[in-house]
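The structure appears right after this line, and notes come after that.
In what follows, every heavy atom counts, from backbone to side chain, and hydrogens, waters and symmetry copies are set aside. Throughout, a chain's letter reflects where its sequence line sits, starting with A, and its residues are numbered from 1.
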Amino acid sequence: MGSLFDFMLPELKSPMTGASTDALMAFIHIVSFIILAGVSIAMIYFAIKYKRKSENDKTPLITHNNTLEITWSVIPLLLVFVVFGWGYKGWLNLKTVPDNAYEIQVSAYKWGWTFKYETGAQVGNEVHVPAGRPVKLVMQSQDVLHSFFVPDYRIKQDVLPNRYTYVWFQAEEAGESQVFCTEYCGTSHSDMLAKVIVHTEEDFKAWLDEQGTGGGGTPVERGEQLATLQGCVSCHSVDGSDGIGPTWQGLWEQERNFEDGSSEVADQNYIRESILDPGSKIVEGYQNQMVSYEGRLSDDDISDIIEYIKTLEE
Amino acid sequence: MATTEVTPSSSGNVRTLKVKRFKPSEDPKNTYLTDEKGLWAWMTTVDHKKIGLMYLGSVAFFFLLGGVLALLLRTELLTPAKTFIEADTYNQFFTLHGAIMVFFVLVPSIPAALGNFVLPMQLGAKDVAFPRLNLASFYIYVIGAIFTFIALANNGLDTGWTFYTPYSTTSSSSVIWVTLGVFILGFSSILTGTNFISTIHKMRAPGITWGKLPLNIWALYATSIIQVLATPVLAITLLLLTMERFLGIGIFDPALGGDPVLFQHFFWFYSHPAVYIMIVPGFGIISEVITTFSKKHIFGYWAIALSSLAIAFIGFLVWGHHMFTSGQSAVATTVFSFLTFLVGIPTGIKILNWIATLYKGSIEMKTPMLYVFIFLFLFSIGGFTGIMLGALSADIHLHDTYYVVAHFHYVMMGGTLIALLAGLHYWWPKMTGKMYNEFQAKIGAVLIFVGFNVTFLPQFIMGSQGMPRRYYNYIDQFTIFHQTSTIGSYILGVGFLLIAYYLMKSLFTGEKAGSNPWGSRGLEWQATSPPDFHNFDHTPVIINGPYDYHKPMEEFQLGLADSHNGHDPSHEAAEVTAARKKVESN
């Protein structure tokens, strides 16, 4: 019966992210359709059956019926709990990126998209990805809000100017899918389109090699250079030894404990905040000494430094 | 004339009232429309009925404006690329369409226009608690409107009606003027809400206990609570936005150290409850109309009354469901999704109670009732698609697509506006003393129903297929849906023109309406049509409930003997006294 509503959705090309969504949508459609039909039939049936015969029609006094009230409150309540749980489960899956995901950096701007690879290669308005492998997009905006939407994969995420957001998918077969910007961003909002181009694993490698390194080296290399040039490493060691600031070694995705007793996992947003607003979270045992790098490092620079920090494992 | 002695309250301090039956005159000489004449009298009136009509006129004007913009937008969308206007113009048009329809039409439509007219009458009061404040609210609304027109004349506005930062803080259009306009408008809403709450608490006629309040009053009561509590947050948000633009204080703009998502939280903290400000008064109208035209006691009075309050309170806790893709925290997202489903339940309860009211009724399919049926069908679709959008994984796919556009049009237009049309047709004879052409009115209702579905059903499909909202250009695969939708919007336009035509015509050539053409048990129908300046000649006394259709009509129309509605007869105009004497001698 779910196939009744198939015409509503585009072909699903990333079942790992979209299968649960499609099943849930079919479920809600079917249940809604049944209830709506019931309500409409009851309405029309009553209107015909109890059509006014004369001005002096007598109507019975029926004020309420507790059994009915409870029935039609509890059944929908149970149904919406099912819908809530189902939606929550699907959404958790959308938020949980598989460990082996291939990561691509995305930068949105008025009005286009730039995709940057681990090799340093950059492409505009086309993101090439390998088939059969999870792909994680780490996104940020250079100006206003945008939103990354691929209907074929059932994924969408707003792209913000002050924070990293991410989205993942796994396209199973080579082909193309449409990308839309779905957060209104001005004059050419509706032309802010891109394509996901899915290659087989080998074709993708070949394509990536063809792109070269984009001139400035890989993001990790750039990040390492910046860390030296900007003097980061004079306070933050990269080998675990103690310095004025905490070491970068093993920092990535480690639980950080702060002076005020709170704690947080060191992700992209944490590191970005520490660079731009170092005083907001002071790691336990350290002083508030660092100055902000606001204006001295671009968004790209910060992303590259983060890429470098990610490689400094213990 | 028989005088009955009744004891309205059996517990505690027993009071005995002397009650007489007063039949309202079927041919009133003196009404609120003939009482004071001339432009100045209208502009300075403190009569809630005239103020209600002035709101109705303004709302109709803005609806025309917003509607024309909608038709222009739909015409542009006939072809995937440019049809006849530029992208920037298109962006300004959809912004204005949204802002006008939400802030100038939907928010004031039912409470300020119809509510102002019927609320004091349903309470048996002469006016609202603060009549001058009521007039002030109207002028504040007008000033808000003028600010918006200044914005129009200046640069236009292209941010969308949601004013999302940082786009709105960097856009070169007249954001400040419009936000100031909306800020001022908010006060109109707050003051009307305060006025209504006071009136409902303090101005009820003898015998109207909380259990005998018409459900329309319960709905307006719930709405007023939301207006008073939520609107100040919008005011603060818009003020912060203005401060950021003028003074460069970083609140929402990341370039200044602010957080754009914070704006969305503030904005939706008002704007989600505002959805209930728009729809809950519609529920009130449905309860009134459905009982009148099925001549039957409402089913589940307390379920309907209390569900309005439940919606008002839970409605404050669900704003985050507009932000599932915004990057808000995972915990917030989960909680907001859960609460969103809870708010759906009281709404569902109402619909089922209304349908149960029809059971064993004596149903007459007059135009207002036809609109109630249309409402029940369209609003149910709006509700079910709301459940779809509340489900987290489904919302991720559907957010910011035409699915959402269709959903809120089914709720706001299929719900609020259809309820407004039901109420307008229901109270039209009371307001004007004239009947409209029933046949033309039914044609109008059918045109609206057909046009509405042709316009918005295809939008569900293209939204699911991935068509984003606020798009000037679109990819070819969506062409057929857009064109169907545009044709539907033209049918809607014709429907509204027809309604405007026969309503205007009824003013001049319409049949005279009696005081109670529908045979309602509601208190407002026990005054003359159109009502007297002070609504009732004598303070009404209420022994029966507003939905006691199982009791004969003769048990209604009770007035406090010798009350003269609290007025010393020597202060009355001579013709009023004469008219009253004539009534009393009958």
Side-chain angles (χ1 to χ4, degrees), chain A residues 7-10 20-21 24-25 28 32 36 39-40 42-43 46-47 50-52 57 59-64 68-69 72-73 76-77 80 83-84 86-88 90-91 94-95 144-145 147 149 151 154-158 160-163 165 178 180 182-191, chain B residues 87-88 160 164 166-167 170 254 259-260 295-297 299-301 303 325-327 330 334 337-338 341 344-345 348-349 351-352 355 358-365 373 376-377 380-381 384 387-388 391-394 396-397 399-401 461 464-466 468 470-475 549-550:
Chain A
F7 69 95
M8 297 278 294
L9 288 163
S20 165
T21 308
L24 173 60
M25 283 180 73
I28 299 175
S32 306
L36 180 69
V39 164
S40 310
M43 230 158 60
F46 288 160
Y50 302 114
K51 192 171 181 322
R52 184 168 300 176
D57 280 0
T59 57
L61 174 65
I62 307 172
T63 55
H64 63 286
L68 260 183
E69 296 283 357
W72 67 40
S73 305
L77 199 63
V80 296
V83 171
F84 166 75
W86 198 333
Y88 176 67
W91 176 78
L94 289 176
K95 288 276 119 186
V144 299
L145 301 180
S147 193
F149 176 37
R154 318 287 191 261
I155 55 165
K156 183 182 290 122
Q157 175 61 51
D158 285 9
L160 309 178
N162 64 334
R163 198 182 303 175
T165 55
Q178 184 68 47
F180 295 105
T182 47
E183 190 65 79
Y184 173 69
C185 57
T187 312
S188 300
H189 167 56
S190 62
D191 298 325
Chain B
D88 284 333
Y164 271 18
Y167 187 78
T170 50
D259 182 3
K295 280 261 165 86
K296 188 157 165 290
H297 195 282
F299 187 88
Y301 176 88
T325 67
S326 72
T334 312
S337 169
F338 185 75
F341 289 117
I345 300 297
I349 290 175
I351 294 198
L352 293 167
I355 288 172
L358 297 173
Y359 174 68
K360 289 196 170 169
S362 162
I363 298 167
E364 190 177 25
M365 210 36 99
F373 274 58
L376 289 173
F377 182 75
S380 295
I381 296 179
F384 289 127
I387 295 291
M388 183 72 93
L392 285 170
S393 59
I396 297 296
H397 176 62
H399 186 82
D400 270 336
T401 66
I461 303 170
S464 296
Q465 291 276 356
R470 296 174 171 177
Y471 260 34
Y472 168 71
N473 293 327
Y474 54 87
I475 57 176
Y549 285 91
H550 54 289

What part of [X] gets closer than 4.5 Å to chain B, counting heavy atoms only: side chain, backbone, both or neither?
X        : value
A/Leu94  : side chain
A/Ser40  : side chain
A/Leu160 : side chain
A/Lys51  : both
A/Glu183 : both

With a 4.5 Å limit on heavy-atom distance, are the side chains of [X] and [Y] in contact?
X        : Y        : answer
B/Ser464 : A/Met25  : yes
A/Ser32  : B/Ile387 : no
B/Phe341 : A/Leu77  : no
A/Phe149 : B/Asp400 : no
B/Ile363 : A/Arg52  : no
B/Ile345 : A/Val80  : yes
B/Phe384 : A/Ile28  : no
A/Met43  : B/Leu358 : yes

Find the distance between [atom1] ([X]) and [atom2] ([Y]) and round it off to the nearest 0.5 Å.
X        : Y        : atom1 : atom2 : answer
B/Ile349 : A/Leu68  : CD1   : CG    : 12.0 Å
A/Leu61  : B/Lys296 : CG    : NZ    : 8.5 Å
A/Thr59  : B/His297 : OG1   : NE2   : 10.0 Å
B/Thr334 : A/Tyr88  : OG1   : OH    : 4.5 Å

When heavy-atom pairs shorter than 4.5 Å are enumerated against chain A, which of [options] gives the highest number?
options                                : answer
B/Ala87, B/Ala330, B/Gly160            : B/Ala330
B/Gly300, B/Gly348, B/Gly344           : B/Gly300
B/Phe377, B/Tyr164, B/Tyr359           : B/Tyr359
B/Ala391, B/Ala303, B/Pro166, B/Ser380 : B/Pro166
B/Leu352, B/Ile461, B/Ile381, B/Ile355 : B/Leu352

Next item on the list: Check each atom of B/Tyr301 against the heavy atoms of chain A and say whether the ones under 4.5 Å are side chain, backbone, both or neither.
Entry: backbone
Checklist line | B/Met388 versus chain A, the contacting section by heavy-atom distance below 4.5 Å | finding: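 Its backbone and side chain both get close to chain A.
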Item checked: Derivation and outcome, side-chain contact (heavy atoms from CB on, under 4.5 Å), residues B/Ile475 and A/Phe180 -> CA-CA 10 Å; B/Ile475 57 176; A/Phe180 295 105; 3.7 Å; yes
Check: Just by modelled atom types, is the A/Phe7 backbone N or O under 3.5 Å from a matching donor or acceptor in the B/Gln465 side chain?
Finding: yes
Item checked: Flag, side chain of A/Ser190 to backbone of B/Tyr471, donor-acceptor distance under 3.5 Å ->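 No; zero donor-acceptor contacts below 3.5 Å.
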Note to self: Which residues pass the salt bridge (Lys or Arg N to Asp or Glu O under 4.0 Å) test with A/Glu69, not counting sequence neighbours?
What the structure shows: none
Closest non-hydrogen atom pair, [X] against [Y]:
X        : Y        : result
A/Thr21  : B/Ala394 : CG2-CA, 3.9 Å
A/Gly186 : B/Tyr167 : CA-OH, 3.1 Å
B/Leu392 : A/Gly87  : CB-O, 3.5 Å

Looking at [options], which makes the most heavy-atom pairs under 4.5 Å with chain B?
options                              : result
A/Ser20, A/Ser147, A/Cys185, A/Ala42 : A/Cys185
A/Leu24, A/Asp57, A/Leu36            : A/Leu36
A/His189, A/Gln157, A/His64          : A/His189
A/Val39, A/Ile155, A/Thr165          : A/Val39
A/Asn162, A/Val83, A/Asp191          : A/Asn162

Item checked: Between A/Asp158 and B/Ser326: side-chain donor-acceptor atoms closer than 3.5 Å ->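 Distance-only check fails for A/Asp158 and B/Ser326.
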Margin query: Are there over 12 heavy-atom neighbours, none belonging to B/Lys360, within less than 6.0 Å of that residue's NZ?
Written below: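 It does not: B/Lys360 NZ has 12 such atoms or fewer within range.
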